[in-house]
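Keep in mind that this is a model prediction, so the values were computed, not measured. Letters A, B, ... mirror the listed sequences (proteins, then strands); counts begin at 1.
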Amino acid sequence: MRNSPRLTLDIAPLDLDMTLGCGQTFRWEREEDGSWTGILGECVVCLDNSEGPLTIQIRHGGERAGGMVLEYLRGGDDINAIQAVLSKDPVLSSGLARFIGLRIVKMPPWECIVSFVLATNSNIKRITRMINSIAEGYGENIAEGMYAFPSVEGLRNATIEDLSGRGLGYRATYLHALCQTVDESTISRMERMAYEDLRNELKKLPGIGDKVADCISLFGFGHLGSFPIDVWVEKALGRLYGVTGSYPVLRRFATERFGAFAGYAQEYLFLNERSLAPDGACAFS
DNA sequence: GCCCAGGAGTGTG
DNA sequence: CACACTCATGGG
């Protein structure tokens, strides 16, 4: 794309493959040259830091894309300081170096809510297909083949039948109910809430239980103390810490053990455990 | 064909 | 509180 405006941002350390490809966000696409193309609001950007600094090629949307990338990648997080805190845990300390450059993302809240409601009992490849399908069906066409994530209002008119036709399975019912329950003011009110209150509020919504509420708190609202527990993290806690039990039990353990940066600890444990799987869906073991 | 997937909702003991 | 069961469907 000739003459696309470029920006450079100082975000380091940053590993785009881990950060954008690990399953905390679902719409980024890795190009042949190792760059990553994605959609932020109504901007289309291509990120590349293979030469050193992070360059942002703005394919659509203008200069504001720079600030959106900075927020999305949580450029303000001091990763080294966070790892220094977590390294006091003897189990984590030896393996943290492997995950330098992994950054927790800060997705737009509504996109994050929908994404993780759809993510229940599914897999990353299918989640990606589901999300891209509803974007094509209900999102604004902002560039050739690129669709913005649909707004609450944009999705509200979708029938359960059409959502089912997009491969959502029984999640179509959840998403439909969710769109009738939530509006933009609900979201903006949630952005002002403390983590525990937000979590309780999210769990009142259809299709959101303990795990999804914690994913949304972490990846959509930026609460780094949140610790989502899926099957991989549950395995990791049992294998590495000898801890088993219900969600509340495991969550309490993690909160006391990992503190304010439990979300980062969770992502390290998640990626490490998943990379041990026989059919290793993880490309960076 | 089988088992699994970044689980939630509901009913029962 | 803990389980057990169901939900719909693509991926490996």
Side-chain angles (χ1 to χ4, degrees), chain A residues 18-28 99 102 104-105 107 111-134 158-182 199-221 223-224 226-239 243-254 262-285:
Chain A
M18 278 198 289
T19 299
L20 301 177
C22 73
Q24 53 175 337
T25 181
F26 303 99
R27 294 195 74 196
W28 291 87
F99 300 109
L102 168 64
I104 298 289
V105 298
M107 299 172 67
E111 178 175 348
C112 188
I113 290 170
V114 174
S115 295
F116 281 94
V117 165
L118 297 185
T120 60
N121 204 17
S122 187
N123 57 73
I124 292 177
K125 187 157 294 186
R126 185 182 175 191
I127 297 164
T128 300
R129 295 168 64 91
M130 289 189 284
I131 294 173
N132 283 330
S133 180
I134 64 172
T159 64
I160 296 178
E161 289 71 27
D162 183 52
L163 294 174
S164 295
R166 295 180 180 281
L168 305 199
Y170 63 86
R171 303 165 197 81
T173 309
Y174 291 153
L175 180 55
H176 181 78
L178 186 63
C179 292
Q180 317 307 317
T181 310
V182 172
R199 188 175 189 280
N200 290 329
E201 207 63 25
L202 286 169
K203 283 179 64 176
K204 294 176 184 174
L205 300 177
I208 301 181
D210 279 320
K211 190 269 179 181
V212 170
D214 282 330
C215 282
I216 296 168
S217 298
L218 179 59
F219 304 126
F221 289 90
H223 295 284
L224 293 185
S226 181
F227 189 89
I229 303 165
D230 72 327
V231 292
W232 298 109
V233 174
E234 182 178 5
K235 285 179 190 172
L237 290 176
R239 187 174 65 84
V243 186
T244 58
S246 64
Y247 199 101
V249 169
L250 298 178
R251 177 170 178 261
R252 187 155 40 245
F253 170 83
Y264 270 95
Q266 178 273 160
E267 206 60 18
Y268 299 147
L269 292 170
F270 169 76
L271 289 177
N272 183 63
E273 197 68 22
R274 199 183 60 177
S275 70
L276 300 175
D279 55 350
C282 201
F284 40 88
S285 59

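Residue Ser246(A) has its side chain nearest to dA2(C) when only dA2(C), dG7(B), dA5(B) are considered. The side chain of Asn123(A) has dG11(C) as its nearest neighbour among dA8(B), dA8(C), dG11(C). Among dT9(C), dA8(C), dG11(C), the nucleotide with an atom closest to any side-chain atom of Arg126(A) is dT9(C). Residue Lys125(A) places its side chain closer to dG12(C) than to any other of dG7(B), dA5(B), dG12(C).
Comparing Ser122(A) and Val212(A) by the nucleotide of DNA chain B whose heavy atom lies nearest to each, the residue mapping closer to the 5' end is Ser122(A).
To the nearest angstrom, P of dA8(B) lies 12 Å from CD1 of Ile127(A). Between the C1' atom of dA8(C) and the NE2 atom of His176(A) lies a distance of 18 Å, rounded to the nearest Å. Arg129(A) places its CZ atom 14 Å from the P atom of dT9(C), with the value rounded to the nearest Å. Atom OH in Tyr247(A) sits roughly 18 Å away from atom C1' in dA2(C) (whole-Å rounding). Regarding Asn121(A), its CG atom lies at a distance of 9 Å from the C1' atom of dC7(C), rounded to whole Å. With rounding to whole Å, Arg166(A) atom CZ is found 15 Å from dT9(C) atom P. Per the geometry, CG belonging to Asp214(A) stands 13 Å off C1' belonging to dG7(B), to the nearest Å. Remark: P of dA2(C) and CG of Leu250(A) are 10 Å apart, rounded to the nearest angstrom.
The side-chain heavy atoms of Tyr268(A) and Leu102(A), taken from C-beta on, include a pair separated by under 4.5 Å. Using a 4.5 Å heavy-atom cutoff, the side chains of Ile216(A) and Met107(A) are not in contact. With contacts defined as side-chain heavy-atom distances shorter than 4.5 Å, the pair Leu276(A)/Lys235(A) does not qualify.
dG10(C) and dG9(B) have their P atoms separated by 23 Å, given to the nearest Å.
Proximity of the aromatic rings of Phe26(A) and Phe116(A) is defined here by a centroid distance below 6.0 angstrom, and this criterion is met.
No contact: Glu234(A) has no heavy atom under 4.0 Å from any strand. Counting any heavy atom pair closer than 4.0 Å across all strands shown, Ile229(A) reaches no nucleic acid atom.
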Please write out the pairs of protein N or O atoms and N or O atoms of nucleotides 9-13 of chain B separated by less than 3.5 Å, giving the distance to one decimal.
residue: dG9(B); atom: OP1; partner: Gly207(A); partner atom: N; Å: 2.8

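In terms of the side-chain hydrogen bond (donor to acceptor under 3.5 Å, both in side chains) criterion, residue partners of Glu273(A) (sequence neighbours excluded) are, by chain and number, Arg239(A).
Here the side chain of Arg171(A) pairs no donor or acceptor atom with the backbone of Gly207(A) at under 3.5 angstrom.
How far OG of Ser226(A) is from CD1 of Ile104(A): 9.5 Å, rounded to the nearest 0.5 Å.
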